[in-house]
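Notes follow the structure.
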Amino acid sequence: MDIFELTKQLMSIHSVSGEEEAVGFWLRDFLESLGWTVELQKVSENQNNVIAYLNDKPRVWFSTHMDTVPPFIPPTEDDEKIYGRGSCDAKGIIAAQITAAEELRKQRIEDIGLLYTVEEERSSNGARAANEHLLAAKCEYMINGEPTDNELAIGSKGSFRLKIKTTGKAAHSAYPEMGDSAIETLLDILDDIRHTKFPSDEFFGETTVNIGVIEGGVALNVIPPKAEASLLIRLTTPRAPIEEALHSVIRGRGEIEVLSCSEPVRMLEVDGFKQKTVRFTTDIPYLTNWGQPLLLGPGSILVAHTKDEFVMKRDLERAVELYTQLAVWLLGT
Ligand SMILES: [Zn+2]
């Protein structure tokens, strides 16, 4: 199957996060038909990571995720592009990695493995489970795929998700002096956060804050007793100094509930490849047992997760060359 057919075949199987079972079964059957040894690693009742290899302790692995964000958008194409959900994030990448792996096999290089996870777009629970797999310890380099425009990403920002919650005292809105507005307190805190310069990092760049969701209050005529805001902070430093800065901004007026956190990661630099840092997070922070991470993939993160998602066909072909070169270089040193 050529790389474009393989991309479209994978895209045609619905696999929004939580519903990756069918695509996992298809990949298992396909890789087995090519002669790979394939394990399905159970992550939940109907979610399995796909782990495939040619020998019993590969040193270099390719990996990315099988799940997509909703909604499902079936594949279409023209001469230059493949359009639809998963074209660049990340089914085109799976196709490019498998094609590169088969290319390496033709050169009698079989010291390679393939890891395809579930749940990357939500909790990275697939990667967390994969991190416990016994083969991880034997892996020296993990080439993870996400859309990086085929440039080698040498750093990715972390992601810190949290809620700020405020409580007040409900009262009749005609008698505000009897109550205490949780929403006004929250607005004050958020305004202070918007005017705070958080620590940044020379390598990773600026720490940025998105106030993504605000909720609170009960009715127009009631002083609101509760409010909360959900924030996503793109980390360029460890979490601790940012959390400290938040506490000193909040000054006891509200509480922080941490939802999740992944720290910024530095990836391996390789001479001869175009390099950059990226702002998004990946499965890599959860694959710490899988050797040194690298990150590269065809397509642009700017179209991933949009209704216009696409990948250039020539970028898929170029990714095959780059993945092949990377694996050869890593195995040779
Ligand atoms: Zn992705």
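Both ligands and their constituent atoms are indexed starting at 1 by order of listing. Excluded from the calculations below are hydrogen atoms, water molecules and symmetry mates; all remaining heavy atoms, backbone and side chain alike, are included.
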Just jot down the salt bridge (Lys or Arg N to Asp or Glu O under 4.0 Å) partners of Glu177, sequence neighbours excluded, or say none. none
Could you pull out the N/O/S protein atoms under 2.8 Å of the Zn ion (ligand 1), ignoring any water? His65 NE2, Asp89 OD1, Glu146 OE1
With side-chain hydrogen bond (donor to acceptor under 3.5 Å, both in side chains) as the test, pick out the partner of Glu20 among His14, His65, Gln47. Gln47
With respect to Lys165, which candidate in Glu255, Glu257, Glu215 satisfies the side-chain hydrogen bond (donor to acceptor under 3.5 Å, both in side chains) definition? Glu257
Mutual orientation of the aromatic rings belonging to Tyr175 and His172 [parallel < 30°, tilted 30-60°, perpendicular > 60°]: perpendicular
Between Glu121, His305, Lys91, which is the residue that forms a side-chain contact (heavy atoms from CB on, under 4.5 Å) with Thr68? Lys91
Spacing of Thr99 atom OG1 and Phe62 atom CZ [to the nearest 0.5 Å]: 10.5 Å
